[in-house]
Amino acid sequence: MSATETLTVTLPDGKALELPAGATGADAAAAIGPGLARAALAVEVGNGAIEGRGEGEGVREVRDLARPLPDGARIGILTSRSEGSEPLALIRHDTAHVLAAAVMELYPGVKISIGPAIENGFYYDFEFPPDVSVTEADFPKIEERMRAHVKAAETFVREDISAAEARARFVEERQDYKVELIDDLVVAAREGGGAPLETVSLYTNGPFTDLCRGPHAPSTKTIGAFKLQSVAGAYWRGDSARQMLTRIYGTAFFTKAELEEHLERLEQARARDHRKLGRELELFQFSDLSPGAPFWKPAGMAVWNALTELWREQNRVRGYREVKTPILYDVELFKQSGHWDTYRENMYFTEVEERPMGLKPMNCPAHIQIYKDRRHSHRDLPVRYSEAGLVHRHEPSGVLHGLLRVRHITQDDAHIFCTEEQVQEEVVQCLRFGFYIYELFGFEPRLELSTRPEKRIGSEAMWDRAEGALEGALRAEGLDYELNPGDGAFYGPKIDLHMKDSIGRSWQLGTVQLDYSMPERFELAYTGADNAEHRPVMIHRALLGSFERFIGILIEHYAGELPLWLAPLQAIVLPVSERFSEYGATVCETLRGHGLRVELDDRGESIGRKIRDAELRKAPYMLVVGEREAGDGTVSVRRRGAGDNGGTVTLDEIAERLLADAVRRSA
RNA sequence: GCCGACGUAGCUCAGCUGGUAGAGCACUUCACUCGUAAUGAAGGGGUCCCCGGUUCGAGUCCGGGCGUCGGCUCCA
């Protein structure tokens, strides 16, 4: 055979496979084996680089099995058992098309927009006719229709047609969103400076055709199990000025068992929802009378105070001095700080004796007042003020979410006023402080460096120095970080600290921001060694983010089972009957005398009942006392969730153990 | 703020097409005095989110408001 009649591809194991010219991914799979041919979903194509490195490495694309393979490509056949998220993403995207197909059939006149796979499933956005509203109650009907498409094992057929032809087709079908997408593709190709857009791809399964880049599995039959999950509003193209579409969320898996396992996980995540646990454990409550503002109950306050102790202790150790500043100010302050111009919409205002006043949305202008109350020498710097600062922000009603998004926010705030030379070292110390705290909870930090945005103040030289200082700090600590070019604040670059919790969710907690704007606006100064006035740099720093949010995250991270040092109820004394209440009271008082949070359950209930209730309250230690213990001054120890295997120890021993645990702050 | 759903006892929820409310848990009382995840019995408890409308009659239907939930946008 001559070269033009064959093509060669390289398989993942490095072996070359020779195929007839024009062979497809499906042909390759068939050439490898009939089992693979049946299991194949798509083909991964990487160009060049037969040896697996060099040119082309990293350029890879997942393609339909039916597309011809390029000569010399490295390929891998994708099946449901392939590693990574791609196989699932593929069938989820397939399922999105099936959803759209079903919806088109059930709701004539519906306009379709886009339907991608997302992290745990997929969605499709629709514009329903004005008189139609779709709710979760309609899901069974839609799912039934979808099942028919899956059962029919419809082939996904790709056609590449000219943009003009596709446009005409969607104009004809009155699919305005598809027309807009095509127009934008054409414009993007033109503005990208490359070749003009020649064709767009359409995918058809059964009666349904969609504008789609692909890829898709060969047919709908690989969708093993799917479920529609929720319906929500979503702006067309994520733009709040544009049409609100109806988004239907769903998920899909290769097998029913996997789907059920996933739904089970969702159920478990709901069980650790901090709003549910907050109510059950009586940590906090919300009231219609003050939306977005938690009421801390005694148990929640115990957690708050334990966290505050950590915060206060560590700030002191690290050279911060705690301050406390008002929450209500003459609006002049916010005009000077700039918040009036940029943030007024989200602030709370009132009038006191005809004087317009506002609640602070940030603590920095307040700390600046303290800094300005005296003159500073370069010898004084850095000046570090910390405050559990209460700020109010009028968050839009739709975004409030338990403790995680509130209007009444207690930030673990700090501001450092320092010289430019000190910036890097101060940032290093902030990062170390953050890591110290996160490690206590087993959070794994991830860092992001955000640099100069388009709209900014200050000279290029200033930004060079500021970004250099942050980068220098990250490098000096040997830390990995992600770069977010252009994502900094207008007044300076920042490092954000993100964490992953026990179930893999990511949260942004801390932030370290350089600020060259506030010192300017408030004309901050220090006297240098040269006896001249200089501007200090200001570092804004929060590590927990806010006490409210951090506690919310902790509750979910620990599923309510807080470590002893944070637990509102550290131990509960359980007399086996009321006859031993007196001894129980002695035990309880002794432990309380050591500063531990202990209660006595002297209700006339059975010991089984008391243990059950104590477990539900998630007390780390249950101390059972009865005739034996009262006789020899001991307690029978039961650990939360561990059953009766803690042994029997003397009162002194248990006190010592609990105290050591609390002081160590062990997780 | 936007879209949608929801709002019934402290909690979780039931209440069909309009006829003045119900369960379990929790709570109270009594009995039991118990050894490692629910002892039994009796009892109390409701402006059915708020305002207005339709109706002989509204928890139920309609309109408005507030709040919550799921998303979207936002988080300087």
Side-chain angles (χ1 to χ4, degrees), chain A residues 118 123 125-128 133-138 229-249 270 273 275-276 279-280 282 285-292 334 337-347 361-362 364 393-402 404-407 409 453 455 488-491 494 496 508 511 513 515 517 540 545-546 549 574-581 602-617 622-630 636-646 648:
Chain A
I118 52 176
Y123 66 79
D125 285 348
F126 303 98
E127 183 189 332
F128 288 96
S133 107
V134 170
T135 69
E136 290 177 25
D138 300 302
Q229 292 173 296
S230 63
V231 50
Y235 296 111
W236 169 232
R237 312 214 113 175
D239 181 347
S240 61
R242 304 201 63 182
Q243 178 77 26
M244 174 70 72
L245 304 174
T246 302
R247 174 170 299 179
I248 297 179
Y249 284 96
R270 265 192 286 278
D273 189 310
R275 292 166 299 185
K276 180 177 185 289
R279 190 175 48 244
E280 288 172 0
E282 295 200 78
Q285 66 185 52
F286 285 93
S287 162
D288 291 1
L289 299 171
S290 187
F334 304 118
S337 71
H339 291 111
W340 177 264
D341 294 331
T342 56
Y343 205 65
R344 203 180 342 166
E345 292 303 301
N346 296 306
M347 286 177 60
M362 287 193 118
C364 19
R393 299 178 179 184
H394 186 86
E395 303 288 355
S397 56
V399 306
L400 298 180
H401 183 94
L404 302 183
R405 191 78 183 265
V406 290
R407 289 175 173 162
I409 309 164
K455 226 188 106 192
F490 72 90
Y491 51 73
K494 60 173 182 172
D496 289 326
Q508 191 199 317
T511 182
Q513 307 189 355
D515 185 351
S517 166
H540 305 254
S546 78
R549 211 171 105 92
L574 310 175
V576 298
S577 84
E578 283 174 298
R579 282 167 50 216
F580 309 105
S581 289
D602 57 359
R603 294 175 302 162
E605 297 287 350
S606 68
I607 185 64
R609 174 56 180 268
K610 290 180 185 180
I611 283 168
R612 179 183 151 81
D613 289 346
E615 288 280 359
L616 292 176
R617 289 180 68 187
M622 282 150 268
L623 308 175
V624 177
V625 297
E627 190 155 11
R628 294 195 295 272
E629 291 78 11
S636 165
V637 179
R638 181 190 168 108
R639 297 295 312 267
R640 174 175 59 204
D644 174 24
N645 59 9
T648 298

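We name chains A, B, ... by the order of the sequence lines, and we start the count at 1 in each one. Only this structure's heavy atoms are used, side chains among them; waters, hydrogens and symmetry mates stay out.
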- Task: Consider the side chain of A:Val399, meaning its heavy atoms from C-beta on, and name the nucleotide among B:G35, B:U73, B:A37 that approaches it most closely.
- Result: B:U73
- Tell me, with the steps shown, if A:Arg407 and A:Glu395 meet side chain to side chain contact (heavy atoms under 4.5 Å, CB included). CA-CA 6 Å; A:Arg407 289 175 173 162; A:Glu395 303 288 355; 4.2 Å; yes
- Item | Base-pairing assignment for B:G59 (Watson-Crick or G-U wobble, both under 3.5 Å) | none
- Task: Could you please name the option among B:C72, B:G35, B:C75 that lies closest to any side-chain atom of A:Arg405?
- Result: B:C75
- Query: When you check the phosphate oxygens OP1 and OP2 of B:G1, does a side-chain N or O of A:Ser397 lie under 4.0 Å from one of them?
  - Reply: yes
- For B:C72, take OP1 and OP2 only and decide whether either is under 4.0 Å from a side-chain N or O of A:Tyr249. yes
- Query: Does A:Arg275 put a side-chain nitrogen or oxygen below 4.0 Å from OP1 or OP2 of B:U68?
  - Reply: no
- Message: When both hydrogen-bonding distances must be under 3.5 Å and the geometry is Watson-Crick or G-U wobble, what is B:G40 paired with, if anything?
- Response: B:C30
- Determine, for A:Arg617 against A:Asp613, whether the closest basic-nitrogen to carboxylate-oxygen distance falls under 4.0 angstrom. no
- Query: So, A:Asp273 and A:Arg275, do they make that salt bridge, N to O below 4.0 Å?
  - Reply: yes
- Correct closest heavy-atom pair for A:Cys364 and A:His540 would be SG-CE1, 3.4 Å
- Could you give the CZ-to-P distance, from A:Arg270 to B:U12, as a whole number of Å? 15 Å
- Query: Thinking salt bridges, do A:Arg638 and A:Glu615 make one under a 4.0 Å N-O criterion?
  - Reply: yes
- Task: Respond yes when some side-chain nitrogen or oxygen of A:Arg393 is under 4.0 Å from OP1 or OP2 of B:A76, and no when none is.
- Result: no
- Note on the structure: Of A:Ser230 and A:Gly488, the one whose nearest nucleotide on RNA chain B sits closer to the 5' end is A:Ser230
- Considering non-hydrogen atoms only, spot the tightest contact between A:Asp138 and A:Ser133 and give its length. OD2-O, 3.8 Å
- For nucleotides 59-66 of chain B, 5' to 3', base contacts (B), sugar-phosphate-only contacts (S) and non-contacts (-) with protein non-hydrogen atoms under 4.0 Å give --------
- Check step by step if side chain to side chain contact (heavy atoms under 4.5 Å, CB included) holds for A:Tyr235 and A:Arg242. CA-CA 6 Å; A:Tyr235 296 111; A:Arg242 304 201 63 182; 5.6 Å; no
- Rounded to whole angstrom, note down the C1' distance from B:C62 over to B:G24. 35 Å
- Side-chain atoms of A:Arg279 come closest, of B:G35, B:U36, B:U12, to B:U12
- Message: Does a side-chain N or O of A:Ser240 approach OP1 or OP2 of B:C72 to a distance below 4.0 Å, or not?
- Response: no
- Message: Rounding to an integer number of Å, can you tell me how far A:Glu136 CD sits from B:G4 P?
- Response: 14 Å
- Whole Å only: how far is the CG atom of A:Leu574 from the P atom of B:U36? 12 Å
- For the side chain of A:Glu578, starting at C-beta, report the closest nucleotide among B:C72, B:U33, B:U36. B:U33
- Message: Nearest to the A:Met244 side chain among B:C34, B:G35, B:C3, which nucleotide is it?
- Response: B:C3
- Tell whether A:Glu282 reaches the base of B:G10 with its side chain through a donor-acceptor pair below 3.5 angstrom. no
- Item | Selected nucleotide, minimal atom distance to A:Ser636 side chain, candidates B:G1, B:C34, B:G35 | B:G35
- Message: I need the CD-P distance between A:Glu280 and B:U12, as an integer number of Å.
- Response: 9 Å
- Query: What integer distance in Å separates A:Phe128:CZ from B:C3:C1'?
  - Reply: 13 Å
- For A:Arg628 and B:C34, what is the distance between atoms CZ and P respectively, to the nearest whole Å? 13 Å
- Message: Ring centroids only, cut at 6.0 angstrom: are A:Tyr343 and A:His394 within range, meaning strictly under it?
- Response: no
- Has the side chain of A:Arg407 got a donor or acceptor atom sitting under 3.5 Å from an opposite partner on the base of B:C75? no
- Considering only heavy side-chain atoms of A:Glu605, the closest of B:C32, B:C72, B:U39 is B:U39
- Query: When the C1' atoms of B:A76 and B:G71 are considered, how many whole Å apart are they?
  - Reply: 24 Å
- Message: So, OP1 or OP2 of B:G70: does either fall under 4.0 Å of a side-chain N or O from A:His401?
- Response: yes
- Query: If you measure from the C1' atom in B:U12 to the same atom in B:G53, how many Å do you get, rounded?
  - Reply: 33 Å
- Could you work out the separation of B:C16 and B:C6 based on their P atoms and round it to a whole Å? 14 Å
- If you draw a 6.0 Å radius around CD in A:Glu627, do more than 12 non-hydrogen atoms from other residues or ligands fall strictly inside? no
- Query: Do the side chain of A:Arg609 and the base of B:A38 come within less than 3.5 angstrom through a donor-acceptor pair of N or O atoms?
  - Reply: no
- Can you tell me, in whole Å, how much space there is between the C1' of B:A26 and that of B:A9? 10 Å
- A:Tyr235 (side chain) and B:G71 (base): donor-acceptor pair under 3.5 Å: no
- Message: By nearest atom, which of the nucleotides B:C72, B:U33, B:A76 is closest to the A:Ser577 side chain?
- Response: B:U33
- Task: Might you work through the side chain to side chain contact (heavy atoms under 4.5 Å, CB included) test for A:Leu574 and A:Leu623, ending with a clear yes or no?
- Result: CA-CA 6 Å; A:Leu574 310 175; A:Leu623 308 175; over 6 Å; no
- Item | Inter-nucleotide P distance (B:A37, B:U17), Å rounded | 45 Å
- Task: Determine the interatomic distance between C1' on B:C72 and the same-named atom on B:U36; round to the nearest Å.
- Result: 50 Å
- Taking atom P of B:U36 as reference, at what distance in whole Å does atom CD1 of A:Ile607 sit? 8 Å
- Do you see a donor-acceptor pair shorter than 3.5 Å between the side chains of A:Tyr249 and A:Arg247? yes
- Sticking with atom C1', work out how far B:A21 lies from B:C13, rounded to a whole angstrom. 14 Å
- Taking the nucleotide of RNA chain B with the closest heavy atom to each, which residue, A:Gln513 or A:Thr246, is nearer the 5' end? A:Thr246
- Determine which nucleotide pairs with B:C2, using a 3.5 Å limit on both distances of a Watson-Crick or G-U wobble pair. B:G71
- Item | d(CH2, A:Trp340; C1', B:A76) in whole Å | 16 Å
- Any strand is fair game: report the nucleotide pairing with B:A23 by Watson-Crick or G-U wobble, both distances under 3.5 Å, or none. B:U12
